[in-house]
Amino acid sequence: MNKDIFLSNSLGGKKEKFVPIDSKKIGMYVCGPTVYDDPHIGNARPLVVFDLLFKVLKCKYGSKSVTYVRNITDIDDKIIKSSKEKNISISELTLNITKKFHEDCKYLNCEIPTHEPKATDNIEPMINMIKELIKGKFAYENNKHIYFKVKNFSDYGKLSNKNLDDLIAGSRVELSGNKDSPEDFVLWKPSNDDEPSWSSPWGKGRPGWHLECSVMSKKYLGNTFDIHGGGRDLIFPHHENEIAQSVCANKTKKFANYWVHNNFITISKEKMAKSQGNILKISDYKKKYNGQVLRLALMSTHYSQPLDWNDKLMDECNRTLDKWYNCFVPVNKKILIDDNDLKPLYDDLNTPGFIAVLHKLFDKAKDGTLEDKEIFSTACKFIGLLDQSKDKWDSFKKQNLKLSENDILKKIEERNKARDKKDYELADKIRNELLDKGILIEDKDGKTIWKIK
RNA sequence: GGUAACGUGGCGGAAUGGUUACGCAGAGGAUUGCAAAUCCUUGUAUCCCGGUUCGAUUCCGGGCGUUACCUCCA
């Protein structure tokens, strides 16, 4: 469609019209997981948000014009710590968590990004970037550590609205004897024998956090690209440091043009975080809910707002999808979604606005023609919903059933006999028994049907 | 302390300088042995105080409240 895409840009803090550097080669880099622990639903939010942005960009510019890069950080102090705690090797841990992460992505019905580079496959270019930074006097070595010299980058703090004086005044920055200044951050550090290491001009060691994203975005998207995404908590210091490294090493004016940050999932209004101990794992939902339910729940609030989590939300989304599946038809032909219907998504990924559109299309489809149903189904599919057959949706629900189908049918027959004798007391008793087991009875057009509640 | 974001009906949640989505729950009705499901109808809101304006929930200033970031975090 010809309408413009708008995005809230954290750099500047305003909603802006999206103008790509090259509309045939659009680049989006999103910070992926550090693979040290099971993914939780807070991690799920950016997966869904940027999957949607990927879809919207492809819709406007063509599927071949958009490159989506999402990294896997598989070397980090948290990983080292976690592997020691779990008493397994680092590679066993990172491979295992990466596998779980991919399963969760699939469960959430997220498309596979164009590239998914790993940090450990990119140590050489990281070392090269450090060399460039040292050459440009943006980094210095001290006692086998390499640090980025923040004072030499005048734009530092622009993304996060911080100035150096405040940072130092806050003085929560880690003090280290090796640093020239407390705000400096590490690019390379030496490893002990029991820690992973790579040889470098500064001895055996490993990269600091932040560097992998600067290097891998450069590798696939170039020195300056269109969109950089991630959770709000990455703005400082992670993204601020990425900008500093990339701009100084690549000698450019800009790193990413648009910075898009999703807000948090909260529980009782408090941020869900591992350190808070209030996380809900994605895998916790796999048995009870189809992945689409979680996906819809994550889209029920605009990405820039906090999303307060509760079970009522999941149940509501489950019911909505159940209702929507009544109008689902497989679509084999190409159907264009009306520009006006698509508009909320183009306007800064307004998912609640688009969900309202889906409700309208559903109302029309429900008593409408096959074409109305096809339009509705296509619109759902566009945001990754109703992407599997109704049979599959139903069979998922059946897997949690405590009664066999045969038992249910027997009970229904028993109840119908009672009804014929006008023994409504017994009939209602049987109905309530089934209801307790999650089976809902409906007498419709002279027939009795059952559903899973 | 510094820097931001947010405050919309019973709940969730968009949008908007004037006509005020959408979902859930509620109420009434159709239907039903009674229900359920479905359908129809329907009520209810913009934290407080100033300012700008013919008009502000929307813009500006102040206040109150909530949250986040400044340390690992999506």
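Every chain is numbered from 1 and lettered A, B, ... according to where its sequence line falls, protein lines coming before strand lines. Small disclaimer: the values here were computed from a predicted structure and weren't measured. All values below come from the heavy atoms of this structure, side chains included, with hydrogens, waters and symmetry mates left out.
Between Leu296(A) and Ile355(A), some side-chain heavy-atom pair lies under the 4.5 Å cut-off. The side-chain heavy atoms of Phe264(A) and Met272(A), taken from C-beta on, include no pair separated by under 4.5 Å. Within the 4.5 Å cutoff, the side chain of Tyr346(A) has heavy atoms near those of the Lys60(A) side chain. Using a 4.5 Å heavy-atom threshold, the side chains of Lys366(A) and Phe376(A) count as separate. Side chains of Val69(A) and Pro117(A) form a contact here, defined as non-hydrogen atoms less than 4.5 Å apart. Between His359(A) and Thr320(A), some side-chain heavy-atom pair lies under the 4.5 Å cut-off. Residues Arg70(A) and Asp51(A) have side chains not in contact (no heavy-atom distance under 4.5 Å, counting atoms from C-beta outward).
In this structure, Lys312(A) does not reach the rA25(B) phosphate: none of its side-chain N or O atoms is under 4.0 Å from OP1 or OP2. In this model, the phosphate group of rA25(B) is approached by a side-chain N or O of Arg319(A) to a distance below 4.0 Å at OP1 or OP2. Taking only side-chain nitrogens and oxygens, Lys444(A) never comes nearer than 4.0 Å to OP1 or OP2 of rA35(B). Phosphate proximity of rC39(B) to Lys366(A): present, with a side-chain N or O under 4.0 Å from OP1 or OP2. Under 4.0 angstrom from either OP1 or OP2 of rC24(B) there lies at least one side-chain N or O belonging to Lys323(A). Within the structure, a side-chain polar atom (N or O) of Asn43(A) is placed less than 4.0 Å from OP1 or OP2 of rA74(B).
Within the 4.0 angstrom heavy-atom criterion, no nucleotide atom of any strand lies near Asp367(A). Within 4.0 Å of Ile265(A), counting heavy atoms only, lies at least one base atom of the nucleic acid. Looking at heavy-atom distances under 4.0 Å, Asp308(A) makes no contact with the nucleic acid at all. Among the protein residues, Gly42(A) comes within range of the nucleic acid bases, having at least one heavy atom under 4.0 Å from a base atom. Lys78(A) comes within 4.0 angstrom of the backbone, heavy atoms only, and of no base. Base contact: Ile441(A) has a heavy atom under 4.0 Å from a base atom.
Closest to the side chain of Arg431(A), out of rG33(B), rC22(B), rC69(B), is rG33(B). Set against rC70(B), rG23(B), rA68(B), the side chain of Lys162(A) has rC70(B) as its closest nucleotide. Checking rG23(B), rA68(B), rC70(B) against the side-chain heavy atoms of Gln276(A) singles out rA68(B) as nearest. Side-chain proximity of Asp363(A) to rC34(B), rG23(B), rA74(B): nearest is rG23(B). Each of rG23(B), rA74(B), rG33(B) was ranked by its minimum atom distance to the side chain of Asn262(A); first place goes to rA74(B). In the set rG2(B), rA68(B), rA74(B), rA68(B) carries the atom at the smallest distance from any side-chain atom of Glu270(A). Comparing rG33(B), rA74(B), rC24(B) by their closest approach to the side chain of Arg415(A) singles out rG33(B).
Not a single donor-acceptor pair, N or O on each side, falls under 3.5 Å between the base of rC70(B) and the side chain of Asn163(A). No N or O donor and acceptor, one from the side chain of Arg419(A) and one from the base of rC34(B), sit under 3.5 Å apart. Taking 3.5 Å as the limit, the base of rA74(B) and the side chain of Arg232(A) contain no donor-acceptor pair of atoms between them.
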Item to check | Criterion side chain to side chain contact (heavy atoms under 4.5 Å, CB included) on Ser217(A) and His228(A), from CA distance to verdict | outcome: CA-CA 9 Å; Ser217(A) 61; His228(A) 193 128; 5.6 Å; no
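If you check rA25(B) for Watson-Crick or wobble pairing at under 3.5 angstrom, you find it has no partner at all. In a base pair of the Watson-Crick type (N1 to N3 plus N6-O4 or O6-N4) or a G-U wobble (N1-O2 and O6-N3), with each distance short of 3.5 Å, rU53(B) is matched with no nucleotide. rA45(B) is unpaired under the Watson-Crick or G-U wobble criterion, no partner having all donor-acceptor distances under 3.5 Å. A 3.5 Å limit on both hydrogen-bonding distances identifies rA68(B) as the Watson-Crick or G-U partner of rU3(B).
In this structure, Leu440(A) places its CG atom 18 Å from P of rC34(B), rounding to the nearest Å. Here rG23(B) presents its P atom at 9 Å from NZ of Lys360(A), a figure rounded to the nearest Å. Whole-Å rounding puts the Leu385(A) CG to rG23(B) P distance at 16 Å. As a whole-Å value, the separation of Ile235(A) CD1 from rU71(B) P is 14 Å. Spacing between atom CG of Asn9(A) and atom C1' of rA4(B) amounts to 15 Å, rounded to whole angstrom units. The distance from atom CD of Glu442(A) to atom C1' of rA36(B) is 5 Å, rounded to the nearest whole Å. We find that CD1 of Ile449(A) is positioned 11 Å from P of rU38(B), with the value rounded to whole Å. Following rounding to the nearest Å, Asn263(A) (CG) and rU66(B) (P) show an atom-to-atom distance of 18 Å.
When the C1' atom is used for both rA14(B) and rU20(B), the distance is 11 Å, rounded to whole Å. Between rC48(B) and rG9(B), the distance separating the two P atoms is 11 Å to the nearest Å. Remark: the separation of the P atoms in rA45(B) and rG29(B) is 24 Å, to the nearest Å. Nucleotides rC11(B) and rU16(B) are separated by 23 Å at their C1' atoms, to the nearest Å. On the P atoms, rC22(B) is 29 Å away from rA35(B), given to the nearest whole Å. A distance of about 11 Å separates the P atoms of rC60(B) and rA5(B), rounded to the whole Å. Straight-line distance between the C1' atoms of rG43(B) and rC47(B): roughly 23 Å, to the nearest whole Å. If you take atom C1' in rG63(B) and the same atom in rU53(B), they sit 23 Å apart, rounded to whole Å.
Each of Lys189(A), Arg206(A), Lys81(A) was scored for a salt bridge (Lys or Arg N to Asp or Glu O under 4.0 Å) with Glu195(A), with one residue passing: Arg206(A).
Judged by a 6.0 Å distance limit and a 45° cone about the ring axis, Lys149(A) is not positioned over the six-membered ring of Phe185(A). Taking the ring axis of Phe328(A) as reference, the NZ or CZ atom of Lys373(A) does not stay both within 45° of it and closer than 6.0 Å to the ring centre.
Residue side chain Phe264(A) fails the stacking definition with respect to rA74(B), as its ring centre and the base's six-membered ring centre are not both under 5.5 angstrom apart and under 30 degrees in plane angle.
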Restricting both atoms to N or O, compile the protein contacts to nucleotides 14-16 of chain B shorter than 3.5 Å, with distance only.
unit_1  : atom_1 : unit_2    : atom_2 : d
rA14(B) : OP1    : His302(A) : N      : 2.7
rA14(B) : O3'    : Asn350(A) : ND2    : 3.1
rA14(B) : O2'    : Asn350(A) : ND2    : 3.2

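Map Leu313(A) and Tyr424(A) each onto its nearest nucleotide of RNA chain B; the residue landing nearer the 5' end is Leu313(A). In terms of position on RNA chain B, the residue among Arg45(A) and Glu425(A) whose nearest nucleotide sits closer to the 5' end is Glu425(A).
No donor-acceptor pair closer than 3.5 Å links the side chain of Asp155(A) to the backbone N or O of Lys158(A).
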